[in-house]
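Sequence lines set the chain letters: A, B, ... in the order given, protein chains first and strands last, and positions in each chain run from 1.
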Number of protein chains: 2
Amino acid sequence: MGKKGYHHGDLRGALLDAAEELVRERGAEGWSLREASARVGVSPSAAYHHFGSRDALVRALSVRVLTRLGERMAQAAAAQAGARRSLMSACRAYVRWTLEDPAVARLAFAAPARDRDTAIDPHPHDVIDAELDRLAEAGGLVPGARPAAEFAVWAAVHGVATLLADGLMRLDTPEAAGEQTERVVEALLTGLAQEPARPWPTPRSTHTERRTRDRG
Amino acid sequence: MGKKGYHHGDLRGALLDAAEELVRERGAEGWSLREASARVGVSPSAAYHHFGSRDALVRALSVRVLTRLGERMAQAAAAQAGARRSLMSACRAYVRWTLEDPAVARLAFAAPARDRDTAIDPHPHDVIDAELDRLAEAGGLVPGARPAAEFAVWAAVHGVATLLADGLMRLDTPEAAGEQTERVVEALLTGLAQEPARPWPTPRSTHTERRTRDRG
DNA sequence: GCCGAGATCTTAACAGTGTTCAGATGTGTG
DNA sequence: CACACATCTGAACACTGTTAAGATCTCGGC
C-alpha cells in the first residue's frame, strides 16, 4: 500500500491525487480516467493494474476522502470539552467540509456504497454515533431519545450538507452553515427529549450492518 | 410543447420517457443519449433538435420529475385535514417517492440547479414552505420558530430522502421511512418552539432567490 | 392545388471515452 | 547473474457526446 519503489513509486496514490484534483477543478463528473493517467504521466491502462475499473477508482477516492472527513470530525470533537459541545463540533465539521469541497463531497456521497463503507475508518456516521453515546452517558440525552437521535441527527446533518453541496441552498458565509447546523441539531435533541419514548425501529446504516456482520 | 403532428408527434416527450425508463432500469448514470434515441426509434442527432446537449436532457427530465414530486406532495397535503397533519403528509410523500424511485430521485437531486428550479412548479420546497405557513397561521408553530423551520425541515426531510436514495441507510418497509420522517420533523418542530427566538439568518433556497428576482 | 419556407430528422464523421490484451520493461529474489 | 513477476506500454475495440451537411416531411400563402 505504501511506496512501491518500482517505476513510479506510488502510482495508486498518485492516480487518486490526480483524480481528486480533477474533481476539484471540473466537478465530480467532468473528468476521465485517461486524463488522470495522463496527468500522472502514465498510460491509461496502467491504472487498470491498480483499479479494476473507473468505478473502482471513484470508490477508492470516496473511501479516502470520507476517511479524512471522519478523522476531521473526530479531531474537531476531541478539541471540545463537553459532550454536547464536541458533538456539535463534529456536526459542524461535516457541513463545513462539504462546503469547502463541494465537488469532492458530491462524488463521495454519490459513490456506490456497496462493500465500501467497511474500509472507511473512522466513518463519519460512527463519529456522530460515538458522540451521541458520550452525550447519553453524560446525561445530556434522555435514554429514550438515544436510538431516535442516531437516525435523526445523521439525517439532519447530511441533509444540510447535501443541500449546500448541490447548490440547492445557499448561505452567505461558511460560518453561517456551521451555526445553522448546530441550531438544527440542538432543536432536534431538545425535541426528541420531549417526546414520549416510543419504540423506535432503529434503522441501521448499511456500513454498520456490514461491519457487525464481518465481526460476528 | 404538446403534440407536434410532424414525423413523430412528440419526440421531446418520448425521449424524456425513454430516458426515465433507462434511469429506472440501469441507474442514474448507466444510460446514454444514443440509447434513449434508439429506444424511441430515432437517430441520435434528432435529440439535439429538442435538447442542446445530454445535460439539457437530464435537466429537463429533472424538472419533469421534481414537478411531479411537488404535485404529489401538494396532493398528499391537501388530502389531510389539520395543518400539522398535512405538513407531515407532504414530508412523507417526499421520502416515499425517493424510496420508490431511488435512481430517478438521485438523478433529479444531482442535476445542476442553475436556471432549472424556476421551471419546477410546484417546487417541493415551496410545498413544504406553504405548509409551514399554514401551520404558523393555525397557531401550531410559534412565530419565532417559523424562519428556522423552513431551513430545518427541508434539510431534515432531504437528508432522510438522500440517505435512503443513496443506500446509506436502510429501512425494512417504505412505511417505516414515512414514520421515521414524521418523527424527525415532529421532534424538530417541538424543539424549535422551545428555543429562544434568536435572530435567524434565514438562508434562502436558490430557486426562491431566482423566482423572487424574476418577479421583481 | 401547389410551392416554397422551415421545422424535423438522417447519414456520416469527429474526437474522446472505458476497457482489454499481447508484449515490452524494469525489479527484487533465489 | 538469471529467472519470476509485478509493472507499465501500444494498439485496438466498441461506444460515447456532438456537429455538419443534406434529405424529408408539413404547413401557410398564393
Side-chain angles (χ1 to χ4, degrees), chain A residues 1-62 103 106-107 110-112 114 116, chain B residues 1-62 103 106-107 110-112 114 116:
Chain A
M1 293 290 159
K3 296 274 174 180
K4 305 255 173 53
Y6 287 86
H7 303 51
H8 183 277
D10 181 15
L11 181 54
R12 192 189 141 91
L15 284 170
L16 288 174
D17 288 342
E20 189 174 344
E21 233 179 75
L22 282 167
V23 168
R24 218 165 262 135
E25 291 172 15
R26 314 221 189 111
E29 323 243 329
W31 59 282
S32 63
L33 183 148
R34 293 177 102 106
E35 245 177 315
S37 312
R39 187 165 286 203
V40 175
V42 112
S43 92
S45 24
Y48 283 82
H49 292 265
H50 297 272
F51 306 101
S53 65
R54 194 205 121 112
D55 239 55
L57 204 185
V58 169
R59 231 159 23 229
L61 181 53
S62 170
R106 285 189 59 155
L107 178 113
R114 178 158 287 283
R116 174 199 67 166
Chain B
M1 294 290 160
K3 295 274 174 180
K4 303 256 173 53
Y6 288 86
H7 303 49
H8 182 277
D10 180 17
L11 180 55
R12 192 190 139 90
L15 284 169
L16 287 173
D17 288 341
E20 189 174 346
E21 233 180 76
L22 282 166
V23 168
R24 217 165 262 135
E25 291 173 14
R26 315 219 190 111
E29 323 245 330
W31 60 282
S32 64
L33 182 148
R34 293 177 101 105
E35 244 177 315
S37 313
R39 186 165 287 203
V40 175
V42 110
S43 92
S45 24
Y48 282 83
H49 293 265
H50 296 272
F51 305 100
S53 66
R54 194 203 120 114
D55 239 54
L57 205 185
V58 170
R59 233 159 20 229
L61 181 54
S62 171
R106 283 188 61 154
L107 179 113
R114 179 158 286 283
R116 173 199 67 168

Enumerate all atom pairs, one protein N or O and one N or O from nucleotides 12-16 of chain D, separated by less than 3.5 Å.
unit_1: dT16(D); atom_1: OP1; unit_2: S32(B); atom_2: OG; d: 2.9

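Summarising the geometry of A18(A) relative to V40(A), their closest heavy-atom pair is CB-CG2, 3.8 Å, with the distance given to 0.1 Å. What you find for V23(B) and A28(B) is that their closest heavy atoms are CG1-CA, 3.9 Å. The two residues A46(A) and L11(A) come nearest to each other via the heavy atoms CB-CD2, 4.0 Å. Of all the heavy atoms in A36(B) and A19(B), the pair that sits closest is CB-N, 4.3 Å. S37(A) and A47(A) get closest at one heavy-atom pair: OG-CB, 4.1 Å. Across every non-hydrogen atom of A110(B) and R106(A), the tightest pair is O-NH2, 2.5 Å.
For S45(B), the side-chain hydrogen bond (donor to acceptor under 3.5 Å, both in side chains) partners two or more places apart in sequence, or in a different chain, are S43(B). Remark: E29(B) engages no residue in a side-chain hydrogen bond (donor to acceptor under 3.5 Å, both in side chains) (not counting sequence neighbours).
We find that CZ of R12(A) is positioned 17 Å from P of dA6(D), with the value rounded to whole Å. The distance between atom CG of D10(B) and atom P of dT8(C), rounded to the nearest whole Å, is 11 Å. Taking atom CG on L11(B) and atom C1' on dT26(D), their separation rounds to 16 Å, with Å as the unit. E29(B) has its CD atom 15 Å from the C1' atom of dT17(C), to the nearest Å.
Between the CH2 atom in W31(B) and the CZ atom in R24(B) there is a gap of 13.0 Å [rounded to 0.5 Å].
For the pair F51(A) and L61(A), the minimum side-chain heavy-atom distance is 4.5 Å or more.
Residue pairs meeting the salt bridge (Lys or Arg N to Asp or Glu O under 4.0 Å) criterion with at least one partner in residues 43-57 of chain A, sequence neighbours excluded, are D55(A)-R59(A).
Computed from C1' positions of five pairs at each end, the angle between the two local axes of the helix from dG1(C)-dC30(D) to dG30(C)-dC1(D) equals 0°, rounded to 10 degrees.
Phosphate contact (OP1/OP2 of dC9(C), side-chain N/O of H50(B), threshold under 4.0 Å): present.
Contact check of residues 40-49 of chain A against DNA chain C (heavy atom, cut-off under 4.0 Å) returns S45(A), Y48(A).
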